[in-house]
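Working notes, structure below.
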Amino acid sequence: MAYENITWSPLVPMSLASIPFAILGPTASGKSSLAVEVARRIGGTVVNGDPFQAFAGLAIGTGQPTEVERDGVPHLGYGAFPLSQRINPADFGAQVREWLGEAPNPVLVTGSGLYLRGIWDQLSVLPEVSAALVARVRGWEEGLGSRALHRFLAAVDPLRAGQLHPNDGGRIQRALALHLATGQRPSGLLDGVARGVPAGWRALLVLPSRPLQRERVARRVAAMVEAGWPEEVGRAVAFGAEADLRRLRPLGYEPWLEGGDPGAIQARIIQGTQAYAKRQVTYFRNQWPEIPVWDPDTEPVETALERLGLSLPS
RNA sequence: GCCUGGGUAGCUCAGUUGGUAGAGCAAUGGACUGAAAAUCCAUGUGUCGACGGUUCGAUUCCGCCUCCAGGCA
């Protein structure tokens with residue numbers, strides 16, 4: 001949809017035109033449809049801030065909004081990258097900031113807290129660590145265990161080691177690799193990033209109650225299977241994307257690739273997605289406790305709009 | 001109908017030579033600076049199938065009943 005065709009809602013003051021909005025929330029919370037509603041009100045564009053939905057070829061499995069769900073509202077950044085593309089939170093953040101700049105009145109949607117930090121420029125600027133070094137450190141952990149690596153880290157950077165649990169292999173590896181790549185202490189490199197909601201932004205956390213969140217996930221996964229998720233995985237594999245899928249590890253892809261009883265696979269995916277949704281919520285509340293919350297199952301959409309500062313005089 | 005094996009946490013199962021029980025997964029809460037749809041941490045009161053007997057004490061031994069699985073008829 002061309003931007004020049006946008007019509008301004010007569011009820012919305014023009015001063016809102018330049019304010020970017022962020023709609024956050026766990027999977028299946030209904031944040032995409034709220035974003036469409038917000039964008040419609042302000043004559044804006046929905047901008048994708050979710051790394052997995054940015055890939056092409058996974059439209060069903062990553063829950064990218066369909067044409068029907070977009071409902072004529074312009075969307076930017078969905079299915080933009082080939083599966084072979086490697087992304088990280090900082091680079092992806094820069095890309096999304098570009099999209100935000102292209103969109104007249106952006107409504108950012110994401111379920112990924114770490115990538116949102118990238119988008120909001122709340123990650124330290126760090127040097128690239130070569131894939132070879134990353135692989136080497138990972139190999140060490142497989143041979144020696146994370147606790148041994150934690151002791152190595154403690155020797156070069158006691159501060160960072162103190163922040164990490166000896167079992168947290170992923171972060172220990174990352175810290176060690178950073179140290180080996182730069183010769184510096186990771187704790188020093190990770191210093192002084194911005195926090196909070198950036199000035200000028202209006203954000204809302206879409207947060208269903210836990211029981212209803214679980215129901216929403218179950219319903220959505222069933223709908224995704226109904227819409228042809230297994231077939232979509234099959235097509236991706238036929239295009240030679242299996243290695244990329246195994247590297248990216250989107251939820252649900254491993255079960256489909258391994259095969260087995262479809263009912264059991266679906267149940268497993270639902271369980272994994274419910275657990276993921278819980279972690280998403282924990283991260284948002286932890287990182288941005290000041291963001292107002294909206295319960296899509298008990299509160300009307302008008303309430304969400306009010307909390308975004310879009311309340312209309314009636 | 002008979003024989004055998006089972007019935008222990010939401011699930012799959014350990015275990016208690018008799019002193020009322022614990023793993024994995026799940027769940028709940030939490031952490032989180034390039035694996036993040038990832039990784040990691042914390043949290044375990046459950047009529048140990050029912051009833052009765054023996055015993056100071058039974059989830060454990062005995063009897064009886066019941067349910068499940070397999071086998072024999």
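Chain naming here is simple, since letters A, B, ... match the order of the sequence lines and numbering starts at 1 in each.
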Please tell me whether [X] and [Y] have a donor and an acceptor in their side chains that are separated by less than 3.5 angstrom.
{"X": "Tyr253(A)", "Y": "Glu232(A)", "answer": "yes"}
{"X": "Asp50(A)", "Y": "Thr110(A)", "answer": "no"}
{"X": "Gln163(A)", "Y": "Arg160(A)", "answer": "yes"}

To the nearest angstrom, how far is [X] atom [atom1] from [N] atom [atom2]?
{"X": "His150(A)", "N": "rC40(B)", "atom1": "NE2", "atom2": "C1'", "answer": "11 Å"}
{"X": "Asp168(A)", "N": "rC32(B)", "atom1": "CG", "atom2": "P", "answer": "11 Å"}
{"X": "Tyr276(A)", "N": "rC32(B)", "atom1": "OH", "atom2": "P", "answer": "17 Å"}
{"X": "Gln95(A)", "N": "rG34(B)", "atom1": "CD", "atom2": "C1'", "answer": "16 Å"}
{"X": "Arg195(A)", "N": "rA31(B)", "atom1": "CZ", "atom2": "P", "answer": "11 Å"}
{"X": "Leu126(A)", "N": "rA35(B)", "atom1": "CG", "atom2": "P", "answer": "11 Å"}
{"X": "Trp288(A)", "N": "rC32(B)", "atom1": "CH2", "atom2": "P", "answer": "12 Å"}
{"X": "Gln274(A)", "N": "rU28(B)", "atom1": "CD", "atom2": "C1'", "answer": "13 Å"}

[atom1] spacing across the pair [N] / [M], given as an integer number of angstrom:
{"N": "rG44(B)", "M": "rC11(B)", "atom1": "C1'", "result": "15 Å"}
{"N": "rG49(B)", "M": "rA58(B)", "atom1": "C1'", "result": "15 Å"}
{"N": "rG29(B)", "M": "rU17(B)", "atom1": "P", "result": "39 Å"}
{"N": "rC61(B)", "M": "rG19(B)", "atom1": "P", "result": "11 Å"}
{"N": "rU16(B)", "M": "rU8(B)", "atom1": "C1'", "result": "11 Å"}
{"N": "rG30(B)", "M": "rA69(B)", "atom1": "C1'", "result": "42 Å"}
{"N": "rA31(B)", "M": "rA36(B)", "atom1": "C1'", "result": "13 Å"}
{"N": "rU45(B)", "M": "rU20(B)", "atom1": "P", "result": "14 Å"}

* Determine the sole option in Leu108(A), Ile119(A), Val109(A) for which the side-chain contact (heavy atoms from CB on, under 4.5 Å) test with Val47(A) is passed. => Leu108(A)
* Asked: Among Tyr78(A), Phe55(A), Phe52(A), Trp229(A), whose side-chain contact (heavy atoms from CB on, under 4.5 Å) with Thr62(A) holds?
  ->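 So, applying the side-chain contact (heavy atoms from CB on, under 4.5 Å) to Thr62(A) and each of Tyr78(A), Phe55(A), Phe52(A), Trp229(A), only Phe52(A) qualifies.
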* Return no unless some side-chain N or O of Arg138(A) is found under 4.0 Å from OP1 or OP2 of rA35(B). =>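 So the side-chain polar atoms of Arg138(A) never come under 4.0 Å of the phosphate oxygens OP1 or OP2 of rA35(B).
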* Asked: When you check the phosphate oxygens OP1 and OP2 of rA36(B), does a side-chain N or O of Tyr115(A) lie under 4.0 Å from one of them?
  -> yes
Look at the side chain of [X] and decide which nucleotide, out of [options], has an atom nearest to it.
{"X": "Asn88(A)", "options": "rA38(B), rG34(B), rU33(B)", "answer": "rG34(B)"}
{"X": "Ser112(A)", "options": "rA27(B), rG34(B), rA37(B)", "answer": "rA37(B)"}
{"X": "Asn286(A)", "options": "rA38(B), rA37(B), rA31(B)", "answer": "rA31(B)"}
{"X": "Glu141(A)", "options": "rA31(B), rC40(B), rA35(B)", "answer": "rA35(B)"}
{"X": "Thr282(A)", "options": "rA38(B), rG30(B), rC40(B)", "answer": "rG30(B)"}
{"X": "Gln287(A)", "options": "rU39(B), rA26(B), rC32(B)", "answer": "rC32(B)"}
{"X": "Phe52(A)", "options": "rG34(B), rC40(B), rA37(B)", "answer": "rA37(B)"}

* Asked: Is RNA chain B part of any stem, that is, at least 3 consecutive Watson-Crick or G-U pairs with both distances under 3.5 Å, and where?
  ->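 Only these stems qualify: B:1-7 with B:66-72, B:10-13 with B:22-25, B:27-31 with B:39-43, B:51-53 with B:61-63.
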* Kindly state whether the ring of Trp288(A) and the ring of Trp201(A) have centres lying under 6.0 angstrom apart. =>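 No - the distance between ring centres of Trp288(A) and Trp201(A) does not fall below the 6.0 Å cut-off.
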Base, sugar-phosphate alone, or nothing: which one does [X] contact when heavy atoms must sit under 4.0 Å apart?
{"X": "Arg214(A)", "answer": "sugar-phosphate"}
{"X": "Thr62(A)", "answer": "base"}
{"X": "Phe92(A)", "answer": "nothing"}
{"X": "Gly93(A)", "answer": "nothing"}
{"X": "Arg160(A)", "answer": "sugar-phosphate"}

* With no angle test and no hydrogens, is the base of rA35(B) tied to the side chain of Arg249(A) by a donor-acceptor pair under 3.5 Å? -> yes
Please confirm whether the backbone N or O of [Y] pairs with a side-chain atom of [X], one donor and one acceptor, at under 3.5 Å?
{"X": "Ser146(A)", "Y": "Pro166(A)", "result": "yes"}
{"X": "Arg185(A)", "Y": "Asp157(A)", "result": "no"}
{"X": "Arg41(A)", "Y": "Leu305(A)", "result": "no"}

* To do: State, yes or no, whether a side-chain contact exists between Ile42(A) and Val107(A) at a heavy-atom distance under 4.5 Å.
  => yes
* Taking NZ, NE, NH1 and NH2 as the nitrogens, is one of them in Arg86(A) or Asp91(A) under 4.0 Å from a carboxylate oxygen of the other? ->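 Salt bridge: no.
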* Assign rG34(B) to syn or anti; the rule is syn for a glycosidic angle within 90° of 0 and anti otherwise. =>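 Syn conformation here, the glycosidic angle of rG34(B) being no more than 90° from 0.
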* Asked: Which residue lies toward the 5' end of RNA chain B, Val134(A) or Arg279(A), if each is placed at its nearest nucleotide?
  ->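 Final value for this comparison: Val134(A).
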* Asked: Contacts to RNA chain B from residues 170-181 of chain A, heavy-atom cutoff under 4.0 Å, which residues?
  ->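 The stretch gives Gly170(A), Arg171(A), Gln173(A), Arg174(A) as the residues lying under 4.0 Å from the strand, ordered by number.
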* Is Glu258(A) atom CD crowded by more than 12 heavy atoms from other residues, nucleotides or ligands, each under 6.0 Å away? -> yes
